[in-house]
Amino acid sequence: PIPSSLPWPVSDERPFRAQIRAQIPRGDWIWPAIWMLPLDNQYGSWPASGEIDIMESRGNSHYDAEGVDVVSSTLHWGPNFFENRFELTHGAKTN
């Protein structure tokens, strides 16, 4: 098992396909996630250049607001931190 890893940099701007197979760990105070961030902040600092949260969860089984039973995915975008429009592109699934 790999508890954390850095992805390989993709320098091409061509579309690509990634296949991910992972188990979501359980435990207090962990936040398992798979993210995609740009190599260069071409449009400005976060979130202007974007962030794709492919999968996020919480490790706590007794956490009332989205524990291990909830998996979410989000696009972070907007001109600056205070105008991050993620709520328009956020989805969650409850098991």
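To the nearest 0.5 Å, atom CD1 of residue I34 and atom CD1 of residue I24 are 8.0 Å apart. Between W35 atom CH2 and I54 atom CD1 the span is 12.0 Å, to the nearest 0.5 Å.
With hydrogens and angles ignored, the 3.5 Å screen pairs a side-chain donor or acceptor of S49 with a backbone N or O of Y43.
Across S73 and D53, no two heavy atoms sit closer than the pair OG-O, 2.9 Å. What you find for P38 and N41 is that their closest heavy atoms are CG-OD1, 4.0 Å. Nearest heavy-atom pair, W31 versus S57, reported as atom, atom and distance to 0.1 Å: CD1-O, 3.4 Å. Shown here for F86 and T74, the closest heavy-atom pair between the two residues is CB-CG2, 3.6 Å. The nearest pair of heavy atoms linking T89 to L75 is OG1-O, 2.8 Å.
A side-chain contact (heavy atoms from CB on, under 4.5 Å) with S72 is found for one member of H90, K93, M55 and no other, namely H90.
With a 6.0 Å radius and a threshold of 12 heavy atoms from other residues, nucleotides or ligands, E83 has its CD atom above the threshold.
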